[in-house]
J.: 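One structure follows; several queries about it will come next.
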Amino acid sequence: MKKLLALVAAAVMAAAAVPAQAQSYPSRAIKLVIPFPAGGATDIVGRTIAQKLSVALGQNVIVENRPGAGGTIGADQVAKAAPDGYTLLMATSSTHSIGPLINPKIPYDPFKDFAPLAHVASAPSVLVVGGSAPVKTAGELIDLLKKNPGKYNFGSSGIGTYPHLAAEMFKWRAGNLFVVHIPYRGTGLVIPDLVTGQITFLMDSIVSAQTHIKDGRVRPLAVSGAVRSKSLPDVPTFKEIGVTGMEISNWFGMFAPAGTPAEIVQRINREVNAIVRQPDVVERFEKVGAEPAGGTAEQFGALYRAESENWKAVIKRANIKLD
Amino acid sequence: MELLDNLALGFGTALSLENVFYCFVGVLFGTLIGVLPGIGPLATIAMLLPITYKMSDPTTALIMLAGIYYGAQYGGSTTAILVNLPGETSSVVTTLDGYQMARNGRPGPALAIAAIGSFFAGTVATIMIAAAAPPMSEIAFKFGPAEYFSLMVMGLIAAVVLAHGSVVKALGMVVFGLLLGMIGTDVNSGVARFSFDIPELTDGLNFTAVAMGIFGFGEIISNLEQRENREVFTKKVGRLLPSMAEFKASIAPIIRGTALGSFLGVLPGGGAVLSSFTSYAIEKKLSKTPERFGKGAIEGVAGPEAANNAGAQASFIPMLTLGIPTNAVMALMVAGMMIHNIQPGPQVMTSNPTLFWGLIASMWIGNAMLVVLNLPLIGIWIKLLTVPYRILYPAILLFCCVGVYSVNNNVFDVFITIPFAILGYVFRKFSCEPAPLLLGLVLGQLMEEYLRRAMTISRGDWSIFVTRPLSLTLLLIAAVLLVIVFLPAIAKKRDEAFAEEAD
């Protein structure tokens with residue numbers, strides 16, 4: 001009986017402690033898991049946010065890079081962490097929209113296991129060809145590919161990666177082009193073959209294409225996204241050249257484990273929205289080709305659900321399977 | 001003039017306070033660990049690689065790694081001369097005459113001539129890299145998947161041909177490395193192979209963990225077997241500067257060794273080891289008094305030491321310009337670059353000119369530091385040689401584990417070192433050289449990728465490898481190399497050439 005009483009008392013106290021805990025949040029250091037290696041775009045975005053969040057919340061936000069298996073190792077770690085607001089994830093399209101569609105063995109559910117916190121940034125892509133390619137515009141490229149089905153190649157950073165799916169989407173939206181996919185281990189490796197003409201086009205992130213665009217090695221033809229990119233103001237959007245449905249961006253967003261108290265979600269969402277408007281943050285994001293985003297946690301949740309549907313259609317159409 | 005502009009850019013980068021500092025740290029730590037008997041450059045770099053992962057600037061990281069490399073290379077010579085224990089294979093020949101000089105009461109001049117010879121060779125090799133790199137990169141842009149594949153076939157065959165001892169064993173190690181390289185996600189289909197549903201294995205084996213297990217831990221385990229009876233010439237170093245006669249006798253071997261190393265170092269599988277052995281053989285042939293060799297001839301120290309340093313540095317050329325590691329140390333450097341999101345290859349020179357030229361300039365600075373660091377501090381290194389292994393090795397093991405863990409913040413990688421440490425020990429017992437394995441591990445993955453990419457581009461037509469002239473040439477060279485190894489007459493000669501090192 002005494003034991004039972006003690007249990008009840010403990011339960012009551014624990015229940016009472018929950019709101020108190022949320023109010024005093026954060027009372028200790030927060031861990032932000034970045035599921036990609038140090039130095040990449042996700043890492044730079046994540047570290048920028050972590051540094052600013054430390055100031056805003058008055059507690060250290062410690063960055064932990066947990067790379068591996070296309071970001072799923074780090075994401076899985078957060079999915080299985082306690083939903084107390086002390087373990088957060090900096091995710092991208094790869095971990096939450098594309099990865100789970102491509103890999104049936106993924107150990108987490110991108111929708112059920114996470115509570116969306118905030119949409120941090122977006123990174124549109126750019127369609128590039130080699131600097132000495134015979135085509136000068138996207139229209140000419142589409143014509144060339146239409147007239148020579150199966151003759152040309154495109155490169156990507158691997159099966160089911162963002163550049164691969166973006167290119168598949170381009171093939172579809174530009175009129176069901178037949179171009180052969182050649183996977184690489186990163187878009188940087190595609191560049192030499194793009195220059196020598198063995199690869200005809202590549203959908204690259206603006207930042208990684210930027211250095212090669214500057215020295216004339218590759219030529220940008222069109223950017224995805226709703227409006228032109230600030231980094232490439234002379235390059236038209238797909239919409240402008242008459243290819244619709246290509247308003248796609250790779251997103252960076254934050255998640256907590258599912259079941260995280262609503263107050264904590266609100267609090268972090270509010271802080272992140274303030275952070276992504278700070279001029280020095282905007283400037284740092286621009287360097288990695290990312291445009292600051294923002295909005296409510298619900299909007300972010302809706303965005304990545306909608307995006308998943310979008311990619312699902314592309315994957316089905318292009319018949320992409322891991323086999 | 002472009003050469004001067006490039007070097008100016010390089011020195012501008014390499015001479016920043018931060019880079020000079022890390023270059024110094026690299027050279028210092030490299031020497032420190034390299035001085036430990038039995039632990040060579042490969043093990044040293046494998047152990048210290050993880051600490052560069054957290055550096056913000058890849059240039060600084062590479063400068064430090066390069067510093068570790070020639071620091072360890074040089075440290076190996078110190079133990080070769082003073083303790084008769086080569087720190088690494090390329091200083092095996094230094095033990096022949098260097099140790100005899102030490103026994104004859106001339107350890108100082110032996111150490112000094114090794115340092116001076118290395119510095120001269122390093123200077124020449126630096127200039128050569130600066131001059132050779134731009135045209136090499138131009139050629140590299142003509143390389144498609146077919147050419148890369150053929151180049152790697154040639155590289156692997158050359159590695160087998162130039163490996164010591166049994167060809168069969170070397171071949172076996174390469175194949176084993178190739179198989180290990182299969183673990184991970186297949187680029188063409190996106191399927192995880194041999195990962196046994198372990199998510200950590202879907203990216204392949206952690207290269208650092210494998211290298212550290214096989215080279216670092218494996219070497220330590222086998223060193224522990226040896227009894228600690230070292231005869232260290234602690235008090236007898238005395239006079240450092242060589243006499244005028246010794247100087248004169250060394251000049252020609254140093255120049256010849258430098259030329260030899262600069263040439264052989266560029267070859268796949270060549271590098272420091274082959275250069276030093278060849279130099280020793282040449283000096284002995286050219287000498288009017290070959291009977292002095294093995295009894296303390298200064299030429300036998302000067303030539304090989306210059307050659308191994310030039311060879312070590314020249315092996316950076318194919319790595320930096322083609323992105324192809326020609327030996328296991330360069331394979332580690334490639335891993336170091338990839339961690340920083342720099343894909344080695346012809347594009348590095350144009351997209352990262354400060355990194356490229358900064359690294360080259362730092363090589364000269366590092367070599368200069370070695371001379372300054374080593375001659376006056378020789379006493380300290382000797383002290384280190386007297387620290388008992390039972391204290392030294394547990395500390396090294398601990399730091400290694402911390403290093404491996406910190407790469408991915410993953411305990412799994414630390415566990416990965418265990419089976420490879422055991423393997424590394426077993427390989428030593430069976431005298432199987434583990435370097436071809438590492439090369440197979442790195443090149444295997446790349447080779448498969450390039451093969452399949454070339455085949456996809458040719459839409460399944462194998463003739464792509466022989467209709468492209470560059471690719472055909474490379475394959476023909478590979479075929480010639482293969483014939484050479486298996487021709488009985490030549491195979492016998494080869495055994496003789498390598499027999500000299502056996503004692």
Side-chain angles (χ1 to χ4, degrees), chain A residues 33-34 36-41 43 63-70 72-74 76-77 102-103 105-107 150-153 155-161 164 180-193 195-199 208 210-212 214-217 320-323, chain B residues 53-58 61 140-148 184-192 195 197-204 206 323 338-348 350-352 406-410 412-413 445-446 449-450 452-459 464:
Chain A
V33 176
I34 295 176
F36 294 100
D43 183 61
V63 166
E64 189 181 302
N65 293 88
R66 260 319 233 114
T72 57
I73 289 177
D76 189 45
Q77 189 192 355
I102 294 282
N103 180 4
K105 283 188 190 155
I106 218 143
K151 201 181 155 204
Y152 292 100
N153 308 306
S156 84
S157 49
I159 296 259
T161 58
H164 176 204
V180 177
H181 176 217
I182 314 255
Y184 289 72
R185 265 181 213 273
T187 55
L189 283 171
V190 186
I191 304 294
D193 288 350
V195 173
T196 54
Q198 311 206 50
I199 296 294
S208 74
Q210 195 72 281
T211 44
H212 306 292
K214 270 186 204 138
D215 62 22
R217 205 159 272 155
I320 299 166
K321 273 185 295 199
L322 300 187
D323 56 2
Chain B
Y53 290 168
K54 294 283 142 92
M55 292 182 170
S56 54
D57 186 354
F141 262 107
K142 295 190 169 54
F143 268 52
E147 283 78 11
Y148 271 112
T185 303
D186 165 36
V187 184
N188 280 59
S189 66
V191 170
S195 67
D197 280 340
I198 302 168
E200 277 84 357
L201 282 182
T202 55
D203 293 325
N206 180 332
M338 307 249 273
I339 284 292
H340 286 278
N341 277 325
I342 291 174
Q343 185 67 45
Q347 71 281 0
V348 174
T350 41
S351 57
N352 285 303
S406 66
V407 177
N408 286 335
N409 292 327
N410 201 335
F412 182 83
D413 292 340
Q445 223 180 37
L446 291 173
E449 259 174 58
Y450 282 113
R452 294 170 71 179
R453 196 169 294 147
M455 292 299 282
T456 317
I457 286 175
S458 75
R459 304 290 187 262
I464 185 170

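Atom set for the values below is all heavy atoms of this structure, side chains included, hydrogens, waters and symmetry mates excluded. In what follows, chains carry the letters A, B, and so on, assigned in the order in which the sequence lines appear, proteins first and then strands, with residues in each chain numbered from 1.
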J.: Taking all heavy atoms of A:Asp193 and all of B:Gly144, pick out the closest pair and write down the distance.
T.: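 The pair with the smallest heavy-atom distance is OD1-CA, 4.2 Å.
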
J.: Just jot down the side-chain hydrogen bond (donor to acceptor under 3.5 Å, both in side chains) partners of B:Arg452, sequence neighbours excluded, or say none.
T.: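 With sequence neighbours excluded, B:Arg452 shows a side-chain hydrogen bond (donor to acceptor under 3.5 Å, both in side chains) to B:Asp186, B:Glu448, given in chain and number order.
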
J.: Could you grab the distance from atom CZ of B:Arg453 to atom CG of A:Asn153, nearest 0.5 Å is fine?
T.: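 B:Arg453 CZ to A:Asn153 CG: 11.0 Å, rounded to 0.5 Å.
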
J.: Can you name the nearest heavy-atom pair linking B:Arg459 to A:Lys151, along with the distance?
T.: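 Looking at all heavy atoms of both residues, the closest pair is NH2-O, 3.5 Å.
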
J.: Compare every heavy atom of A:His181 with every heavy atom of B:Thr456, then report the nearest pair and how far apart it is.
T.: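 Between these two residues, the closest heavy atoms are CG2-O, 4.3 Å.
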
J.: Measuring heavy-atom distances to chain B, does A:Ile73 have an atom under 4.5 Å in its side chain, in its backbone, in both, or in neither?
T.: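 Side chain only.
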
J.: Is it the side chain or the backbone of B:Thr185 that comes within 4.5 Å of chain A heavy atoms, both, or neither?
T.: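 Backbone only.
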
J.: With only heavy atoms counted, which part of B:Pro145 is less than 4.5 Å from chain A, the side chain, the backbone, both or neither?
T.: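 Answer is both: backbone and side chain atoms of B:Pro145 are under 4.5 Å from chain A.
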
